[in-house]
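Reviewing the structure listed below.
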Amino acid sequence: MKYSFLFFIFVSLYQLSFSQSDIYKAITIDDNLVNQANSCIRKYSTHISIEAQDKMLITHKQIVTVFNKKGNKDIDVFLHYDKNINVKKIEAKVYDAFGKEIKKHKKRDFIDVNAVSGGTLYSDSRVYYLDYTPISYPYTLEFSYEIKNSNTAFVRPWRPVRNYYQSVENSELTIVNHTDDVIRHKNYNLDFYKEINIQKSGKTITCKGQNLEALKKESYSPSLSLFTPKVDFALSEFTLEGQKGKASNWDEMGQWQYDKLIKGRDKVSEQTKQEILNLTKGVEDPLEKVKIVYKYVQDNTRYISVQVGIGGWQPIEAKTVDEVKYGDCKGLTNYTKALLKIVGIDSKYTVVFAGSEKIDIDKDFASIQGNHVILNVPLDQQNLWLECTSQDIPFGFLGNFTDDRDVLVIDETGGRIKHTDVYKPEDNYQNISGQLKITADGHLNMNFNITSTGIQFDNKYLLEQKSKKEVIKYYKSKYSHLNNLNINSYKFIKNNDQVEFTEQLDFSSQNYCKKFGHRLMFLVNALNQSISVPDKIEERMTPFVIERGFFDKDNIEIIVPQGMTIKSKPNDINISSKYGNYTAEFLLKDKGVLVYKRSLLLKSGEFPKEEYQKFREFFKKINKADQSKVILTNKT
């Protein structure tokens, strides 16, 4: 991003600027840190002093210069706190382009709100944040605070690169450990920038980064946190909400979490126990027992976030969930675990990093990690994973929220790393079948079904919960290439047993065909224009990742208007590469009927940046093939 014209005026008036430190003056930023940047971190300084197993002092100051409106989101002026975090000082100052202070904000000027919104019943996790609206660009915002934290289970990591399109002038984190415990640390991707330096001297660790140029978000990039520098820290002796712990490996960490957070919280009422036993009476198959219990939980509970004190990590007791019929991911998972125990099924409380981006629990660095909890049920013939917070997700289906990642499985014997279900491209299947009718005046009538499984199921099944207005908006966006699209009717069929979602659709489109005298020309692939060519990148910086491949298969019968014949049709197409395979067939079934068969298999994987152009060429070929046209004529 370039400075605005106004900023160049600021440059010409530089000699009139106020006598402030250069760090607050936008003009002093090197050109290489301005290039393709919306903002620049001038200084990011964190000092952590670990005073005792239950006492940590943190002093933080950040100075960020914002170049344009897009950079406003990068200022990060917020601070989380709870009863364990004493906020001793918090303030912010705003400077203009010349480095002159124009606004100062004290603690009373910050907005103090609950940190968790939406479905939270009660929470003692709160956040201070500053709602600042700039009056001009560029501006610089300095944010600083001092806190005392009695929780030492989480030691702040160092991540100098915090956002795309944000450069870094200086970033530094220093940890001084005054305890007898050794602070462990692990480095990631430090060679991505040569300007990174990590030093350890006695009980002090210092991390520094300087002059880090802004990164542009590239098509198919891995998560920013997976390829940029980071240093994680952990104490082997720590405190979490008053509970002291000692763990330096995953076995010990899992044992501590089981003993302190989970053990003894699996009792339910006698009435519920008998109800579960009656529901499973006569059922011998363990898998069927698990299905019955899972359905019971779905039918009788609902999700609501509960985060109070150690409740942010400890599940509500099963008997409480049993009484109130709600819980968060921890409480509902523990409740399901308790009910399975009644029918003799062993299950494991499992911690995971949830989200559409696949982030693993680091198997080589034991610490408090994860943001979600699911349940692992190891059966003789099948290793099940259960998402216990949803009333409508199919049994044993994870979707893209927790699929294909390393997780921490916990039981009374300790903790171990396991991997959740992987949905292969063939599992993520979509089939389109139906009939298209071309009218004599070039309009299009469509009657077709779309059946989806795997991640493609996950992307669509919530459509049945949308309003008519939202559904119509969705389809008009998806089929925006169709002129004057009318949604005549739609029907959804969700099959949880097969993890299959079917859309039964009746659409029409005006002026679909182009007219040339006695001829009509139309795009054969009217229903699956899903492939767009990735951006052209001259010098790619990252490998490219296809996180979740898929398999599309279309079988469409096209009826031409009576009295017209097919003048020309495309030849069959076959495109193969290491990234996937594409085929298209154009078959004359009989006079006036064309059968169009299309298939696309896109493979999952991570590929070197040097291959990006080949990958892009593969997509360009597919995109061109999807633009194949047929010409009709009514002249004999």
Side-chain angles (χ1 to χ4, degrees), residues 1 23-24 26 29-30 32-48 58-80 90 92-94 115 127-130 132 134 137-145 147 154-175 185-198 205-218 221-233 353 355-357 359 362 369 371 541-542:
M1 298 294 177
I23 200 169
Y24 301 112
I29 303 174
D30 287 343
N32 66 314
L33 299 182
V34 176
N35 184 38
Q36 72 182 21
N38 295 325
S39 66
C40 175
I41 295 175
R42 315 299 302 277
K43 180 179 182 179
Y44 197 94
S45 176
T46 304
H47 186 277
I48 301 174
I58 301 173
T59 302
H60 177 76
K61 176 181 285 189
Q62 64 189 50
I63 302 172
V64 179
T65 295
V66 178
F67 302 141
N68 53 51
K69 187 175 182 179
K70 291 182 179 178
N72 288 331
K73 62 180 177 55
D74 298 336
I75 59 175
D76 292 341
V77 185
F78 63 87
L79 174 62
H80 288 274
I90 180 171
K93 298 177 183 179
V94 184
V127 63
Y128 285 116
Y129 77 93
L130 184 66
Y132 176 71
Y137 298 95
Y139 70 91
T140 297
L141 198 149
E142 177 185 79
F143 174 49
S144 60
Y145 58 81
I147 61 175
F154 314 96
V155 181
R156 183 175 303 185
W158 182 61
R159 285 186 55 201
V161 180
R162 310 192 67 78
N163 300 290
Y164 283 109
Y165 305 102
Q166 183 179 48
S167 57
V168 180
E169 202 167 53
N170 286 284
S171 177
E172 179 177 337
L173 181 144
T174 300
I175 296 181
H185 73 281
K186 182 177 179 181
N187 304 333
Y188 305 81
N189 310 311
L190 297 190
D191 57 353
F192 187 81
Y193 287 107
K194 63 181 179 181
E195 301 87 354
I196 299 291
N197 182 261
I198 312 296
I205 301 174
T206 303
C207 310
K208 291 184 178 181
Q210 294 180 314
N211 298 317
L212 311 181
E213 296 182 9
L215 295 174
K216 179 181 179 181
K217 188 172 177 60
E218 298 173 330
S221 283
S223 172
L224 187 67
S225 64
L226 295 181
F227 68 88
T228 54
K230 183 178 73 164
V231 182
D232 278 344
F233 303 94
F353 278 116
S356 58
E357 288 188 328
I359 298 177
D362 190 330
Q369 298 182 35
N371 61 5
M541 296 189 65
T542 67

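All values reported here derive from a predicted model rather than from experimental measurement. Below, each value reflects all heavy atoms present in this structure, side chains not excepted, and no hydrogens, waters or symmetry copies.
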Does anything in residues 222-233 form a salt bridge (Lys or Arg N to Asp or Glu O under 4.0 Å)? List the pairs, not counting sequence neighbours.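 Listed by first then second residue: Lys230-Asp232.
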
Only counting residues at least two apart or in another chain, list the ones meeting side-chain contact (heavy atoms from CB on, under 4.5 Å) with [X].
X	answer
Asn170	Gln210
Tyr132	Val94, Ile102, His105, Leu130, Pro134, Tyr139, Leu141
Lys73	none

Taking all non-hydrogen atoms of both residues, which atom of [X] and which atom of [Y] are closest, and how far apart?
X	Y	result
Phe143	Leu79	CZ-CB, 4.5 Å
Ser39	Val66	CB-CA, 4.2 Å
Pro222	Tyr164	O-OH, 3.7 Å
Phe192	Met541	CZ-CE, 3.9 Å
Thr140	Tyr24	OG1-O, 3.5 Å
Pro160	Val168	O-CG2, 3.3 Å

Okay, side chain of [X], backbone of [Y]: is any donor-acceptor separation there less than 3.5 Å?
X	Y	answer
Asn72	Lys69	yes
Asp30	Asn32	no
Glu213	Gln36	no

Would a 4.5 Å heavy-atom cut-off, applied to side chains only, mark [X] and [Y] as touching?
X	Y	value
Asn189	Thr228	no
Ile48	Phe233	no
Arg162	Asp74	no
Arg42	Ile29	yes

Side chains of Thr46 and His60: is there a donor and an acceptor less than 3.5 Å apart?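 Distance-only check passes for Thr46 and His60.
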
Would Ser171 and Trp158 count as having a side-chain donor-acceptor pair, cut-off 3.5 Å?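 There is such a pair between these side chains.
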
Show your working on side chain to side chain contact (heavy atoms under 4.5 Å, CB included) between Gln166 and Val64 and close with a plain yes or no. CA-CA 10 Å; Gln166 183 179 48; Val64 179; 4.0 Å; yes

So how far is it from Ile63 CD1 to Glu169 CD, rounded to the nearest 0.5 Å?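 Answer for the CD1-CD pair, Ile63 versus Glu169, is 9.5 Å.
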
side-chain hydrogen bond (donor to acceptor under 3.5 Å, both in side chains) against Arg159, all qualifying residues, sequence neighbours excluded: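 side-chain hydrogen bond (donor to acceptor under 3.5 Å, both in side chains) list for Arg159, sorted by chain: empty.
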
With sequence neighbours left out, write down each residue that passes side-chain hydrogen bond (donor to acceptor under 3.5 Å, both in side chains) with Glu357, or none if nothing qualifies.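 Expected list: Ser223.
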
